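The structure under discussion appears below in the form of structure tokens.
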Amino acid sequence: MTEHHHSPDDPATDPATTATTATATATTNDPQATDLYLASRSPRRLELLAQLGLRPKVVVAEIDETPADHEAPEAFVARIAQAKAQAGWASLNGRASKPLLAADTAVVIGAQILGKPADADAALRMLALLSGRQHRVLTAVTLLAPAASADPQARNPPLQRQVLVETEVQMRPITPAEARAYWASGEPSDKAGAYAVQGLGAIFVEAVRGSYSNVVGLPLFETAQLLREQGVDPLALPITS
């Protein structure tokens, strides 16, 4: 589900060919055709934004995504989403004419953040931990937008909004044989929590309480609300299909 070590932004990312296609179709290099900037390289988030008819331009947002000692998962995703947004905004050197979106997603069971499995043993441990239990998927979405100014040369701090979305996911019991077969499929290897809700891993998901798109990597309802506040309304965009 997400692009770094802990996030489900890619418990759900498809193979590289799909990701490449999604990136090519969902982004644009034409500033006039850009609806917003996206501080994320996640193919899944690009696909979700494209689902709303949005054409984001990806900007670089390299940050340290290591959790702090004893940091609560909610505080962690909020901090990382904020840091991504600020890094992305800084990379534009004051030239941002559209809102910038950043997000961070984490698979959490208890107070433990589940990252991407380093190997088969790690994946099997994660699946055993999730088996028959409920876990949470947390996403913090940060939106920065240019502040209005009478002076076109002024570099005022951007307007900022952030929301935190939580979804509860109930997994059915997963047998060790099923977990091994799932690992052999190749899907869990780069997915936080070692599963993809929109992939083969869906066979283990008994119930989703809350935003499904949040589990995929970006809560679309809340994201659309933030964007509409800044004049980016998917319903007002040209129909492209």
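Along the sequence shown, residues are numbered consecutively beginning with 1. These figures come from a predicted structure and were not determined experimentally.
Counting only heavy atoms from C-beta outward, the side chains of Leu36 and Leu227 approach each other to under 4.5 Å. The closest side-chain heavy-atom distance from Met126 to Gln112 is not below 4.5 Å. At a threshold of 4.5 Å between non-hydrogen side-chain atoms, the residues Val77 and Val108 do not count as touching. Between Pro117 and Tyr195 the shortest side-chain heavy-atom distance does not fall below 4.5 Å. Taking the side chain as every heavy atom from C-beta outward, Arg125 and Leu129 never approach each other to under 4.5 Å.
Judged by distance alone, with hydrogens and angles left aside, the side-chain atoms of Lys98 form no donor-acceptor pair with the main-chain N or O of Tyr37 at under 3.5 Å. A donor-acceptor pair under 3.5 Å is absent between the side-chain atoms of Thr223 and the main chain of Leu220, judged by distance alone. In this structure a side-chain-to-backbone donor-acceptor pair under 3.5 Å is present from Ser185 to Tyr182. With hydrogens and angles disregarded, no donor-acceptor distance shorter than 3.5 Å links the side chain of Thr142 to the backbone of Gln162. Side-chain atoms of Glu187 come within 3.5 Å of backbone atoms of Gly201 as a donor-acceptor pair (strictly under, hydrogens ignored). Using a distance-only test at 3.5 Å, with no hydrogens or angles considered, a donor-acceptor pair links the side chain of Thr167 to the main chain of Ser211. Side-chain atoms of Asn214 come within 3.5 Å of backbone atoms of Val137 as a donor-acceptor pair (strictly under, hydrogens ignored). Of the possible polar contacts, none joining the Asp233 side chain to the Arg228 backbone as a donor-acceptor pair under 3.5 Å is found. For Asp64 (side chain) and Thr66 (main-chain N/O), a donor-acceptor pair under 3.5 Å exists by modelled atom type.
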Criterion side-chain contact (heavy atoms from CB on, under 4.5 Å) on Val205 and Gln170, from CA distance to verdict: CA-CA 6 Å; Val205 178; Gln170 177 67 47; over 6 Å; no
Applying side-chain contact (heavy atoms from CB on, under 4.5 Å), run through Leu101 and Leu218 and close with a yes or a no. CA-CA 11 Å; Leu101 186 74; Leu218 188 68; 4.3 Å; yes
From CA spacing to verdict: side-chain contact (heavy atoms from CB on, under 4.5 Å), Val216, Leu48: CA-CA 9 Å; Val216 179; Leu48 287 167; 3.9 Å; yes
Val60 vs Arg41, side-chain contact (heavy atoms from CB on, under 4.5 Å): CA-CA, chis, key distance, verdict: CA-CA 8 Å; Val60 176; Arg41 291 196 181 110; 4.0 Å; yes
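Interatomic distance, Thr139 OG1 to Asp104 CG, rounded to the nearest 0.5 Å: 8.0 Å. How far CD1 of Ile63 is from CD1 of Ile80: 4.5 Å, rounded to the nearest 0.5 Å. Rounding to the nearest 0.5 angstrom, the gap separating the CG atom in Leu124 from the OG atom in Ser131 is 12.0 Å. Atom CZ of Arg55 sits about 14.5 Å away from atom CG of Leu38, to the nearest 0.5 Å. Interatomic distance, NE2 of His70 versus CZ of Phe76, reported as 15.0 Å (0.5 Å rounding). Within the model, atoms CD of Glu166 and CD of Glu74 stand 6.5 Å from one another, a figure rounded to the nearest 0.5 Å.
Taking a cutoff of 4.0 Å between a charged side-chain nitrogen and a carboxylate oxygen, Glu222 and Arg161 do not qualify as a salt bridge.
The one candidate from Leu100, Leu144, Leu92 that meets the side-chain contact (heavy atoms from CB on, under 4.5 Å) condition with Pro158 is Leu144. Checked options Ser213, Ser40, Pro56; the residue passing with Arg45 is Ser40 (criterion: side-chain contact (heavy atoms from CB on, under 4.5 Å)).
Following chains of ILVMFWY side-chain contacts shorter than 4.5 Å, one can reach Leu143 starting from Leu54, so the two form part of one hydrophobic cluster. Residues Val215 and Leu200 share a hydrophobic cluster, clusters being chains of Ile/Leu/Val/Met/Phe/Trp/Tyr side chains in contact below 4.5 Å. Both Phe204 and Leu114 belong to a common hydrophobic cluster when Ile, Leu, Val, Met, Phe, Trp and Tyr are linked at side-chain heavy-atom distances under 4.5 angstrom. With hydrophobic clusters built from ILVMFWY side chains whose heavy atoms lie under 4.5 angstrom apart, Ile203 shares a cluster with Val107. No continuous path of hydrophobic side-chain contacts links Leu138 to Phe221 [ILVMFWY only; heavy atoms under 4.5 Å].
In this structure, Arg172 places its CZ atom where more than 12 heavy-atom neighbours from other residues, nucleotides or ligands lie under 6.0 Å away.
In terms of heavy-atom proximity, Ala123 sits nearest to Trp183 at CB-CE3, 3.3 Å. Nearest heavy-atom pair, Ala102 versus Lys84, reported as atom, atom and distance to 0.1 Å: CB-CB, 3.8 Å. Counting all heavy atoms, side chain and backbone alike, Ile113 lies closest to Ala106 at CG2-CB, 4.1 Å. Listed here is the closest heavy atom pair of Gly217 and Thr105: O-OG1, 3.3 Å. Contact record, Pro173 with Glu178: O-OE1, 4.0 Å, taken as the closest heavy-atom pair. Residues Pro146 and Trp89 share a closest heavy-atom pair of N-CH2, 3.5 Å.
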